[in-house]
Amino acid sequence: MRISVLAVSRRLPAWLETGIKDYARRLPPEIKPVIHEVTPARRRTGVSAEKNMADEARRLLSALPDGVRIIILEEGGRQLTTRQWAEQLQEWQLDNINIAFVIGGADGLAPAIREMAHDSLSLSTLTLPHGIARLLLVEQLYRAWSLLNNHPYHRE
């Protein structure tokens, strides 16, 4: 199983980078995510959000690894409990499914990416900054792994 995270974002603050690297470091190699940053569209007067999303979609698609199940992360996606998240991770592992989590830009994801997605998940019903969403995703991967492996990080 390979996990990729494709995120439309500018350079993150150091404290976010530190947190993401810390949780990623804790993960075993088989689920350690590979993060691909995609440059956001440059906002210009007279350029629509749809055009910006289409530009970002082209960059996302070029960074997308072959043969992955695409999971988009968005506020309106399917919500999972921690236990359900862990069970989903275990299912992907057992089926040896390669996953690409996609975090869109400020305007969201283009219809082309949404149509390709196999699933849509929500990390929160709150609107999250992209860097925090990335940190939360990596932390939740670690939490799910710890729950599946009876590691004391997760407590119920």
Exercise. Side-chain contact, heavy-atom cut-off 4.5 Å: T125 with Q79?
Worked result: yes
Exercise. Any idea which heavy atoms bring V5 and P33 closest together, and the distance?
Worked result: CG2-CB, 3.9 Å
Exercise. Quick one: do L6 and L136 end up in the same hydrophobic cluster if we chain Ile, Leu, Val, Met, Phe, Trp and Tyr together by side-chain heavy atoms under 4.5 Å apart?
Worked result: no
For this session: May I ask whether V102 and M116 are part of the same hydrophobic cluster, defined by side-chain heavy atoms of I, L, V, M, F, W, Y residues being less than 4.5 angstrom apart, directly or through others?
Result: yes
Problem set entry | Shared hydrophobic cluster for L148 and I3 (ILVMFWY, side-chain gaps under 4.5 Å) | yes
For this session: Would you give the length of the straight line joining atom CG of L147 to atom OH of Y142, rounded to the nearest 0.5 angstrom?
Result: 11.5 Å
For this session: Under the salt bridge (Lys or Arg N to Asp or Glu O under 4.0 Å) rule, collect the residues that match up with R143, sequence neighbours excluded.
Result: E139
Exercise. Side chain of E56, backbone of A41: donor and acceptor closer than 3.5 Å?
Worked result: yes
Problem set entry | Backbone N/O of I71 and side chain of H118: donor-acceptor pair under 3.5 Å | no
Exercise. W92 side chain to I99 main-chain N or O, any donor-acceptor pair under 3.5 Å?
Worked result: no
Problem set entry | Stepwise side chain to side chain contact (heavy atoms under 4.5 Å, CB included) check, E37 with H130 | CA-CA 11 Å; E37 286 189 351; H130 296 90; over 6 Å; no
For this session: Heavy atoms only: give me the nearest I113-A57 pair and the separation to one decimal.
Result: CG1-CB, 3.8 Å
Exercise. Can you check side chain to side chain contact (heavy atoms under 4.5 Å, CB included) on Q140 and L137, steps first, answer last?
Worked result: CA-CA 5 Å; Q140 287 299 294; L137 171 62; 5.6 Å; no
Seminar exercise, completed: Value for OG1 (T39) from CZ (R59), rounded to nearest 0.5 Å, stands at 6.0 Å
For this session: For A117 and I72, work out which heavy atoms get closest and say how close.
Result: CB-CG2, 3.8 Å
For this session: Output yes when a side-chain donor or acceptor of H36 lies under 3.5 Å from a complementary backbone atom of L64, and no otherwise.
Result: no
Problem set entry | Reported CD-to-CG distance for the pair E30 and N96, which is rounded to 0.5 angstrom | 11.0 Å
Exercise. Nearest 0.5 Å, what's the CD1-OG distance between I70 and S120?
Worked result: 12.5 Å
Seminar exercise, completed: When rounded to the nearest 0.5 Å, the distance separating CG of D66 from CG of N98 is 10.5 Å
Problem set entry | Approximate separation, where rounding is to 0.5 Å, of S122 OG and L80 CG | 9.0 Å
Problem set entry | Exercise: identify the closest heavy-atom pair between L73 and L123 | CD1-CD1, 4.1 Å
Problem set entry | Sequence-distant partners of R78, side chain to side chain donor-acceptor pair (under 3.5 Å), two or more places apart | D119
Problem set entry | Nearest heavy atoms of I97 and M1, plus distance in Å | O-CG, 3.3 Å
Problem set entry | Whether W145 and H151 hold their rings parallel, tilted or perpendicular, with breakpoints at 30° and 60° | tilted
Exercise. Is L16 reachable from V8 through a run of hydrophobic residues whose side-chain heavy atoms are each under 4.5 Å from the next?
Worked result: no
For this session: Might you work through the side chain to side chain contact (heavy atoms under 4.5 Å, CB included) test for R26 and Y23, ending with a clear yes or no?
Result: CA-CA 5 Å; R26 298 178 193 194; Y23 283 111; 3.7 Å; yes
For this session: Taking all heavy atoms of M53 and all of D107, pick out the closest pair and write down the distance.
Result: SD-O, 3.1 Å
For this session: Apply side chain to side chain contact (heavy atoms under 4.5 Å, CB included) to R134 and L12, showing your working.
Result: CA-CA 10 Å; R134 200 180 326 170; L12 296 179; 3.5 Å; yes
Exercise. Quick one: do L141 and I103 end up in the same hydrophobic cluster if we chain Ile, Leu, Val, Met, Phe, Trp and Tyr together by side-chain heavy atoms under 4.5 Å apart?
Worked result: yes
